[in-house]
Trainee: 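Got a structure for you, questions after.
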Number of protein chains: 2
Amino acid sequence: MPRSTPGRRPATLASLAAELGVSRTTVSNAYNRPDQLSPELRKRVLDTARVLGYPGPDPVARSLRTRKAGAVGLLLTENLSYAFRDPGAIEFLEGLALACEDAGQGLHLVPASPEREDVASVHRAGVDGFVVYSVPEDDPHLAAVLERPLPTVIADQPRAASVDHVGIDDHAAIQRLARHVIELGHKHVGVLCMRLGRDRNDGFVSLARQHSARYHVQRARLAGLRDAFEAAGVDWNTVAVVERFDHSLDDGARAAGQLLDRDPQVTAILCTSDLLALGALDEASRRGLRVPQDLTVTGFDGIAEALRTELTTVRQPVLDKGRTAGELLLSTKDPGRPRSVTLDTELITGKTSAGPRGYEEPWFGP
Amino acid sequence: MPRSTPGRRPATLASLAAELGVSRTTVSNAYNRPDQLSPELRKRVLDTARVLGYPGPDPVARSLRTRKAGAVGLLLTENLSYAFRDPGAIEFLEGLALACEDAGQGLHLVPASPEREDVASVHRAGVDGFVVYSVPEDDPHLAAVLERPLPTVIADQPRAASVDHVGIDDHAAIQRLARHVIELGHKHVGVLCMRLGRDRNDGFVSLARQHSARYHVQRARLAGLRDAFEAAGVDWNTVAVVERFDHSLDDGARAAGQLLDRDPQVTAILCTSDLLALGALDEASRRGLRVPQDLTVTGFDGIAEALRTELTTVRQPVLDKGRTAGELLLSTKDPGRPRSVTLDTELITGKTSAGPRGYEEPWFGP
DNA sequence: GCAGCAGACCGTAACGGTTCAGAAGCCGTT
DNA sequence: AACGGCTTCTGAACCGTTACGGTCTGCTGC
């Protein structure tokens, strides 16, 4: 570990050049363009560098000059560590990391806790572009990202004009799921959804709040459910929607409990995420409700745990989404018109959905 | 989104200063030291910046001057996306992310796939320090990190002199677990371990390979097992050790199968990770072996899934490890003697360990 | 004997900021 | 009138590198 000689200023390209009696250009070339100088001189440069403890060109100075940071910024606007709690976020991260890796780019996670609205971290990030994942439309960090003159890709939400976008058709996907539930015969249902705004509201959601939700994805999914059920003759005003700020199994369970307490006759609980649905399953079993005989539960996302549980849900290609976001960003050349990629989803009919009590198909045993 | 006026060069601090007829210093102060200029002038600066589309001081140029990048580098030396597959790695990342967030620092994931030995990504990373997580001792990326004149913290492995370190006492921890298994009466055991070097070797491991393992953690755990069993009169030469390059449930299952095929009489399988142990459980059930009656299985790490399964294992505070690594790094001031933090572990006696067939404690029913 | 050319190396000008030691102006004090 | 102190703003140095457009040397070919 040849750290620079203590007591002396650390070596720079210039000091190394001076020591060698060559120009800075030559030293630079020794590192970056071996073909631009003779092998002998190059070896002499590199050897002397070792002796002097010169660690090679400073990355920051190089970035300034070349206008390339070699890294992609990721904005999540949650406690940064949230990214590592949520299965969907992890998979997205993985996809994005794959894309970055392929391109030899680093992935710079920007600290952006929702509490202290410290936008400085966005300003301070030395990156070549941003990926924004699932932030509310009125997020100040998002605004800060958009102010920077860098290519940006937004995943999921919010849909902003003039910025590249990758996501799914949430409205259509959940509508398909809703129709499946409707066809099973369910008329009296309840809904569990994720946070609709930056303010905490753990409880029932008014129609107004549904409409003014700051998260496009949640808004679209609720609207999809509403459209499907109203088309089936269900008055959406009568459908209880319970919101949870935090996204965890326990919160799903608690939300389901809240719903079942107020509206015990529901025969199906539709959740806008798998995690909430898995929590609802826990709560159901705690109450002695059999799924799907006594209660139908559906999710959204298709996380591994949900597929293992055979939850009825919508699978979306989260990994692809992350990778596509990265590829989109890294392939940005000229600022043409913003691109938008919509990925496919798949309805997964698992074992947590069936007709409501009294509506079962007749049983013709062997 | 006031991007800079097209057709003109993007605004800089200098051009903004010229436009305003003030010095660059003043513009800089407007952003960084509001108390250094009159509120009116500051407002004028900021307003004009908005009009001109000046996005604020360039982060890279600032970093060059201040010699602070505002980010911590993380070296994993796996496909970058590996970090998001392994539960332990995720938890470590979460802890590290928490520490970074508290300090307002970004987290820069360095792409370092083991295949292409492209050390450039390490040289190119504009960061204030590195955290190195679980890489082999002979990794070229590690060497590249150590060559950079930056504070560095190594987590788990390798133990390198002169660099800060955080980890656990793997040797002692697994020894305690081994003694638990020994006390249950097991004499005929097998071992599953993770990769021992950068070369793939999916199969049985020679003693020589055990000794020359390039992963300190695995080497220490194997040594701990060896010492415990030899102390109990078991000849370590007779103990089959199966290695797996990839770290997944399936690989654990396959490794267990390989072990059971060759050595069907083993009464216990000790694994150096929970993931391998969980895989072994799968394989046992596939073979109709009841755990723990027919087979004892133990793990190491204490990941959530293992605790849920009530696996007998060693719990280590992975999240704390990540956080400690970050705190250590970010608190580095002067390069005193290298610090080393050893975290506590806990033996968890789950439901996957019991005495071997014929050695059960006598049963005195109620 | 000289034009032409390739290879090897170099000088200068950015890149976009921050910082520090003052200067200018203004006010109140002695 | 001289002085000190305060606020506000400035000039110049510096951070470490790479891009650009050269120059210089020596050799080939005729």
Side-chain angles (χ1 to χ4, degrees), chain A residues 4 8-45 48-49 52-70 120 123-128 148-150, chain B residues 4 8-45 48-49 52-70 120 123-128 148-150:
Chain A
S4 64
R8 223 164 78 192
R9 301 197 61 195
T12 70
L13 189 143
S15 71
L16 178 53
E19 181 80 18
L20 283 159
V22 301
S23 78
R24 301 203 300 271
T25 303
T26 300
V27 178
S28 175
N29 284 337
Y31 284 95
N32 303 315
R33 304 182 183 171
D35 59 313
Q36 293 293 303
L37 73 174
S38 64
E40 304 77 45
L41 179 54
R42 178 169 136 91
K43 180 174 186 320
R44 201 158 68 86
V45 170
T48 310
L52 263 56
Y54 175 64
D58 180 282
V60 174
R62 167 185 282 160
S63 287
L64 174 60
R65 186 65 248 237
T66 61
R67 320 207 55 65
K68 296 245 158 301
H123 289 141
R124 227 173 279 272
V127 297
D128 298 325
R148 291 201 40 187
L150 295 174
Chain B
S4 64
R8 224 164 77 190
R9 302 198 59 197
T12 69
L13 187 141
S15 72
L16 178 53
E19 181 81 18
L20 283 160
V22 302
S23 75
R24 304 206 306 274
T25 304
T26 299
V27 177
S28 177
N29 284 336
Y31 284 95
N32 302 316
R33 305 182 183 176
D35 57 316
Q36 292 294 304
L37 73 175
S38 64
E40 303 79 44
L41 179 54
R42 179 168 136 91
K43 180 173 186 323
R44 201 156 68 85
V45 170
T48 310
L52 262 58
Y54 175 65
D58 180 281
V60 174
R62 168 185 280 161
S63 287
L64 175 59
R65 183 65 243 236
T66 61
R67 319 209 56 66
K68 296 241 160 302
H123 289 141
R124 229 173 277 272
V127 297
D128 297 326
R148 293 204 36 189
L150 295 174

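So that the names make sense, note that chain A is the first sequence line, chain B the second, and so on, each numbered from 1.
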Trainee: Any idea which heavy atoms bring B:P59 and A:H123 closest together, and the distance?
Mentor: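 Taking every non-hydrogen atom into account, CG-O, 3.1 Å.
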Trainee: Reckon A:T25 has a side-chain N or O less than 4.0 Å from the OP1 or OP2 of C:dC10?
Mentor: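 For C:dC10, OP1/OP2 do not have a side-chain N/O of A:T25 under 4.0 Å.
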Trainee: Supply the atom-to-atom distance B:T26 OG1 to B:R42 CZ, rounded to the nearest 0.5 angstrom.
Mentor: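 That separation rounds to 13.0 Å.
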Trainee: According to a strict under-4.0 Å criterion, is B:Y54 in side-chain N/O contact with OP1 or OP2 of C:dG17?
Mentor: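 Yes, within the criterion.
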Trainee: Which angle, rounded to 10°, do you find between the first-five-pair axis and the last-five-pair axis of the helix from C:dG1-D:dC30 to C:dT30-D:dA1?
Mentor: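 One end's axis against the other's: 50°.
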Trainee: So, OP1 or OP2 of C:dC9: does either fall under 4.0 Å of a side-chain N or O from A:S23?
Mentor: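 No, outside the criterion.
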Trainee: Write down the distance between CG (B:L13) and P (C:dA14), rounded to a whole number of angstrom.
Mentor: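 After rounding, the reported distance stands at 17 Å.
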Trainee: What distance separates B:R24 CZ from B:S15 OG, expressed to the nearest 0.5 Å?
Mentor: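 Here the rounded value is 11.0 Å.
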Trainee: Once rounded to the nearest 0.5 Å, what's the spacing between atom OH of B:Y31 and atom CG of B:L13?
Mentor: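 The CG atom of B:L13 is 8.0 Å from OH of B:Y31, to the nearest 0.5 Å.
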Trainee: Could you pick out which residue, A:D58 or B:P39, lies toward the 5' side of DNA chain D when each is mapped onto its nearest nucleotide?
Mentor: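 Between the two, 5'-proximity favours B:P39.
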Trainee: Grab the CD-C1' distance between A:Q36 and C:dC10 for me, whole Å please.
Mentor: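 Going from CD in A:Q36 over to C1' in C:dC10 covers 12 Å.
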Trainee: Under 4.0 Å, heavy atom to any atom of DNA chain D: which of residues 59-70 of chain B qualify?
Mentor: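 Close to the strand are B:L64, B:R65, B:R67.
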Trainee: Would you name the heavy atoms of A:L16 and A:Y54 that are closest together and state the gap between them?
Mentor: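 It is CD2-CD2, 3.5 Å.
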Trainee: Base, sugar-phosphate, or nothing for A:S38, non-hydrogen atoms under 4.0 angstrom?
Mentor: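 Sugar-phosphate contact only.
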Trainee: Does any part of the side chain of A:V60, heavy atoms only, come nearer than 4.5 Å to the side chain of B:V60, both counted from C-beta?
Mentor: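 Answer yes - side chains close enough.
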Trainee: Scan A:N29, A:V22, A:V27 and name whichever one has a side-chain contact (heavy atoms from CB on, under 4.5 Å) with A:T25.
Mentor: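 Going through A:N29, A:V22, A:V27 one by one, the side-chain contact (heavy atoms from CB on, under 4.5 Å) with A:T25 is satisfied by A:N29 alone.
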Trainee: Measure the spacing between CG of A:L20 and OG1 of A:T48 and express it to the nearest 0.5 Å.
Mentor: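 One gets 4.0 Å once the value is rounded to the nearest 0.5 Å.
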Trainee: Could you check whether B:N32 gets within reach of a base, just the sugar-phosphate, or nothing at all, counting any heavy atom under 4.0 Å?
Mentor: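 Sugar-phosphate contact only - B:N32 comes under 4.0 Å of backbone atoms but never of a base.
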Trainee: Please round to the nearest 0.5 Å and tell me the distance separating atom OG of B:S63 and atom CG of B:D128.
Mentor: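 Answer for the OG-CG pair, B:S63 versus B:D128, is 7.5 Å.
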Trainee: Can you give the first and last nucleotides of DNA chain D, 5' to 3', that have an atom under 4.0 Å from a heavy atom of chain A?
Mentor: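 Nucleotide range with atoms under 4.0 Å of chain A: D:dC15 to D:dA19.
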Trainee: Taking the side chain as everything from C-beta on, heavy atoms only, tell me whether A:R124 gets closer than 4.5 Å to B:R62.
Mentor: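 In contact.
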Trainee: Describe the nucleic acid contact of A:R33 in one word from base, sugar-phosphate, nothing, applying a heavy-atom distance below 4.0 Å.
Mentor: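 Result for A:R33 = sugar-phosphate.
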Trainee: Would A:D58 and B:R67 satisfy side-chain contact (heavy atoms from CB on, under 4.5 Å), going step by step from the backbone distance to the final call?
Mentor: CA-CA 10 Å; A:D58 180 282; B:R67 319 209 56 66; 3.8 Å; yes
Trainee: Check whether the side chain of B:R24 and the base of C:dG16 form a donor-acceptor pair under 3.5 Å.
Mentor: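 For B:R24, whose side chain was compared with the base of C:dG16, there is no donor-acceptor pair (under 3.5 Å).
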